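Because the structure is a prediction, the values reported are computed rather than measured.
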Amino acid sequence: MAESEAVCPERLVMEHVTSRWGTLVLITLLERAHRFSELRREIGRVSEKMLAQTLRTLERDGLVHRDAKPVIPPRVDYSLTDLGREAAEQVRGLARWTERRMAAVERAREAYDSARP
């Protein structure tokens, strides 16, 4: 495989952190630990399969901790690791910037769209 075709490990982690669901999971877990169903409700519009996959990926990257308690019924809590908290703070900064600058983005979109035939 050519070097340009190889996936850069840093790029792969950045994709995990900045993916649609990865970003929302990280920001949500900044508040506190959540159970799977709580996360799904809080995030909204994410399928069970996609949320499970996102959590597994973030856990593998060392960003999310999965705490399975041996009780009946089973209880699993998800929380951020120190590394995950660091990443989540960065992502939250970008989310806040987006909220603050959304009006400027909308103006730019309107200008672009009106200039196109």
Side-chain angles (χ1 to χ4, degrees):
M1 176 183 307
E3 187 175 326
S4 63
E5 294 175 4
V7 176
C8 171
E10 293 86 358
R11 183 177 295 180
L12 194 55
V13 172
M14 191 172 1
E15 286 176 15
H16 298 163
V17 169
T18 61
S19 71
R20 177 181 185 182
W21 305 118
T23 298
L24 294 173
V25 165
L26 291 170
I27 290 172
T28 302
L29 290 177
L30 261 173
E31 299 170 18
R32 62 176 176 82
H34 284 72
R35 294 177 74 174
F36 186 90
S37 58
E38 292 175 319
L39 262 176
R40 191 159 180 229
R41 272 193 308 274
E42 184 79 22
I43 291 170
R45 296 179 37 195
V46 60
S47 70
E48 193 171 309
K49 178 182 176 183
M50 198 65 229
L51 181 56
Q53 181 181 328
T54 300
L55 287 166
R56 272 193 306 275
T57 298
L58 294 174
E59 182 182 8
R60 182 172 185 260
D61 288 343
L63 306 176
V64 168
H65 174 71
R66 181 180 184 275
D67 183 20
K69 297 187 179 4
V71 294
I72 297 175
R75 179 182 174 107
V76 179
D77 291 307
Y78 294 92
S79 60
L80 294 175
T81 63
D82 289 341
L83 192 61
R85 182 162 296 286
E86 199 177 320
E89 291 287 351
Q90 298 300 316
V91 171
R92 184 170 62 180
L94 179 59
R96 287 179 174 165
W97 174 86
T98 304
E99 290 169 6
R100 285 193 314 272
R101 301 302 287 157
M102 196 60 214
V105 170
E106 288 172 350
R107 285 192 302 275
R109 286 176 176 172
E110 289 170 8
Y112 177 88
D113 291 345
S114 67
R116 300 201 44 96

Anything under 3.5 Å between a donor and an acceptor, one on a side chain of residues 56-68, the other on a protein residue two or more places apart or in another chain? List them.
residue: Thr57; atom: OG1; partner: Gln53; partner atom: O; Å: 3.0
residue: Asp61; atom: OD2; partner: His16; partner atom: ND1; Å: 2.4
residue: Arg66; atom: NE; partner: Tyr78; partner atom: OH; Å: 3.4
residue: Asp67; atom: OD2; partner: Lys69; partner atom: NZ; Å: 2.4

Could you tabulate the donor-acceptor pairs under 3.5 Å formed by side-chain atoms of residues 26-38, not counting sequence neighbours?
residue: Thr28; atom: OG1; partner: Leu24; partner atom: O; Å: 2.7
residue: His34; atom: ND1; partner: Arg32; partner atom: O; Å: 2.9
residue: Glu38; atom: OE1; partner: Arg35; partner atom: N; Å: 2.7

Atom CZ of Arg40 and atom CE of Met50: how far apart are they, to the nearest 0.5 Å?
12.5 Å
Would you compute the distance between atom CG of Leu39 and atom OG1 of Thr54 and round it to the nearest 0.5 angstrom?
10.5 Å
Only pairs at least two apart or in different chains count here, so list each salt bridge (Lys or Arg N to Asp or Glu O under 4.0 Å) that has a residue in residues 10-21.
none
Tabulate below the donor-acceptor pairs under 3.5 Å that side-chain atoms of residues 105-112 make, not counting sequence neighbours, or state none.
residue: Tyr112; atom: OH; partner: Arg116; partner atom: NH1; Å: 3.1

Arg75: what forms a salt bridge (charged side-chain N to carboxylate O under 4.0 Å, His left out) with it, not counting sequence neighbours?
Asp77
Would you kindly confirm whether Val25 and Val76 end up in one hydrophobic cluster when ILVMFWY residues are joined by side chain heavy atoms under 4.5 Å apart?
yes
Common cluster, Leu55/Leu12, ILVMFWY with side-chain heavy-atom separation under 4.5 Å:
no
Connecting only ILVMFWY residues whose side-chain heavy atoms lie within less than 4.5 Å of each other, what is the rest of Leu94's hydrophobic cluster?
Trp97
CD of Glu89: more than 12 outside heavy atoms within 6.0 angstrom?
yes
